[in-house]
Amino acid sequence: MPEGPEIRRAADALAAAVVGVPLAGAWFAFDALKPYARRLRGRRIEAIAPHGKALLTRFDNGLTLYTHNQLYGVWRVVDAGQRPASSRALRVALETAHKGILLYSASDIEIWPSARVHEHPFLARLGPDVLDPALEEAAVAARLVAPRFARRALAGLLLDQGFLAGLGNYLRAEILWQARLAPSRRPVDLDTDACAALAQALLGVPRHSYRTRGRPRGGQLQDTPFRFRVFERTGEPCERCGTPIEKRAQGGRPLYLCPRCQR
DNA sequence: CTTTAAACCTGCTGGC
DNA sequence: TGCCAGCAGGTTTAAA
């Protein structure tokens with residue numbers, strides 16, 4: 001049930017297990033995909049790359065597997081031949097001689113020609129991936145004030161995958177707190193400094209989450225572990241000013257904020 | 001044009 | 001223990 005950082009971490013783990021190794025077998029639960037299983041045996045996975053919250057698994061025969069986990073899809077890495085007991089429905093299994101990657105529960109699963117996968121109706125509308133290392137703050141600041149985004153309230157804008165791909169409900173709350181902005185603010189109302197602070201938080205908070213959320217990777221931690229400052233902390237004191245964190249419904253989902261620091 | 005509500009996919013939690 | 005309602009970090013669609 002991930003946002004961009006969790007998807008990217010999952011992609012890293014999947015890629016480390018199977019990229020570049022010939023597939024001993026492929027299996028799909030959905031009838032429409034079953035014919036592809038034969039065509040994938042013996043082929044290699046060239047890359048497993050996230051686009052926002054979607055995942056693209058590219059094979060060396062010109063095909064790409066598109067998957068989106070929505071709230072409930074889960075990928076697992078297992079030893080070859082293993083199918084752990086689970087109440088979840090297995091939807092995809094890709095196995096090499098050593099490792100297997102299994103997708104459970106997800107319902108958005110398609111196979112496209114790699115050359116045209118970016119025409120996928122969902123992918124075609126995505127903004128830049130917020131975790132793309134090449135994405136710079138200046139570009140984000142410019143995007144904020146672009147005509148199609150500038151007049152929209154930040155509460156809705158930050159959840160729009162067409163603005164930046166990979167943000168979700170916890171990142172929205174944490175970014176707005178970090179930038180000290182109320183969710184009702186609009187880019188067009190922000191001065192240059194506030195806009196720059198927002199752009200910095202839009203990139204910095206997801207990147208920090210990607211680096212540090214969950215179990216530390218590769219031994220030692222590089223910096224302070226990610227923790228929520230406002231998300232699901234209703235009533236607890238704001239770490240900056242001590243005011244109790246509030247929970248509001250906005251855009252049909254819970255939004256947590258400090259009513260004092262976020263103006 | 002922007003925002004909101006409802007619906008859908010599936011899984012989990014808490015109450016009865 | 002079993003069932004159901006409600007909710008969830010997502011997305012789309014229609015309507016206000």
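From a predicted model like this one, the values you see are computed outputs, not experimental measurements. The chains referred to below are lettered A, B, ... by the order of the sequence lines, with proteins before strands, and numbering in each begins at 1.
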Asker: A:R148 side chain N/O closer than 4.0 Å to the phosphate oxygens (OP1, OP2) of B:dC1?
Answerer: no
Asker: When you measure from the side chain of A:T64 to the backbone N and O of A:R58, does any donor-acceptor pair fall under 3.5 Å?
Answerer: no
Asker: Classify the nucleic acid contact of A:G156 as base, sugar-phosphate or nothing, counting any heavy atom under 4.0 Å across all strands shown.
Answerer: nothing
Asker: Please determine if a side-chain N or O atom of A:R91 lies less than 4.0 Å away from the OP1 or OP2 oxygen of B:dT10.
Answerer: yes
Asker: If you only use heavy atoms from C-beta on, which nucleotide in C:dA8, C:dG10, B:dT3 is closest to the side chain of A:K247?
Answerer: C:dA8
Asker: Verify, without hydrogens or angle tests, whether A:R88 (side chain) and A:Y72 (backbone) share a donor-acceptor contact under 3.5 angstrom.
Answerer: yes
Asker: Respond yes when some side-chain nitrogen or oxygen of A:Q161 is under 4.0 Å from OP1 or OP2 of C:dG10, and no when none is.
Answerer: no
Asker: On the 0 to 90° scale, with breaks at 30° and 60°, tag the A:H51-A:H118 ring pair as parallel, tilted or perpendicular.
Answerer: tilted
Asker: CG of A:L55 versus C1' of C:dG10: gap in Å, rounded?
Answerer: 15 Å
Asker: Counting heavy atoms from C-beta on, name the nucleotide in C:dT12, B:dT3, C:dG9 closest to the side chain of A:R186.
Answerer: B:dT3
Asker: Students often mix this up, so state it plainly: with edges at 30° and 60°, are the rings of A:Y66 and A:H68 parallel, tilted or perpendicular?
Answerer: tilted
Asker: Within this structure, what is the OG1-CD distance for the pair A:T57 and A:E46, rounded to the nearest 0.5 Å?
Answerer: 11.5 Å
Asker: Between B:dT2 atom P and A:L157 atom CG, what is the distance in whole Å?
Answerer: 10 Å
Asker: For A:A106, answer base if it contacts any base atom (sugar-phosphate contacts may also be present), sugar-phosphate if it contacts only those atoms, and nothing otherwise; contact means non-hydrogen atoms under 4.0 Å.
Answerer: nothing
Asker: Taking atom types as they are modelled, is there a donor-acceptor pair under 3.5 Å from the base of C:dG10 to the side chain of A:R253?
Answerer: yes
Asker: Give the rounded distance in Å between these two atoms: CG of A:L123 and P of C:dT11.
Answerer: 11 Å
Asker: Going through the distances and angles, do A:V188 and A:V145 end up as a side chain to side chain contact (heavy atoms under 4.5 Å, CB included)?
Answerer: CA-CA 6 Å; A:V188 75; A:V145 297; over 6 Å; no
Asker: Could you state the atom-to-atom distance from NZ of A:K53 to P of C:dT11 in whole Å?
Answerer: 4 Å
Asker: Does B:dT10 have OP1 or OP2 sitting under 4.0 Å from an N or O in the side chain of A:R88?
Answerer: no
Asker: Is the backbone N or O of A:Y210 less than 3.5 Å from a side-chain atom of A:R9, with the two atoms forming a donor-acceptor pair by type?
Answerer: yes
Asker: State which of C:dT12, B:dC12, C:dG9 makes the closest approach to the side chain of A:E3.
Answerer: C:dG9
Asker: Over how many whole Å does the gap from A:Y72 atom OH to B:dT10 atom C1' extend?
Answerer: 6 Å
Asker: Give DNA chain C the dot-bracket treatment, 5' to 3': Watson-Crick (N1-N3 with N6-O4 or O6-N4) or G-U (N1-O2, O6-N3) under 3.5 Å, [ ] crossing, | other strand.
Answerer: .|||||||.|||||||
Asker: May I have the distance from A:L164 (atom CG) to C:dG10 (atom P), rounded to whole angstrom?
Answerer: 14 Å
Asker: Is the ring pair A:Y170/A:F226 parallel, tilted or perpendicular, if the boundaries are 30 and 60 degrees?
Answerer: perpendicular
Asker: Should A:H68 be listed as having a side-chain N or O under 4.0 Å from OP1 or OP2 of C:dG10?
Answerer: no
Asker: Using only side-chain N and O atoms of A:S105, determine if any of them is under 4.0 Å from OP1 or OP2 of B:dG11.
Answerer: yes
Asker: Which of the following nucleotides, C:dG9, B:dT2, C:dT12, is nearest to the side chain of A:R151?
Answerer: B:dT2
Asker: With P as the reference atom in both, quote the distance from C:dT11 to B:dC1 in angstrom, rounded to an integer.
Answerer: 23 Å
Asker: Measure CG/A:L171 against C1'/C:dG10 and give the value in whole Å, please.
Answerer: 13 Å
Asker: May I have the distance from A:R185 (atom CZ) to B:dT2 (atom P), rounded to whole angstrom?
Answerer: 18 Å
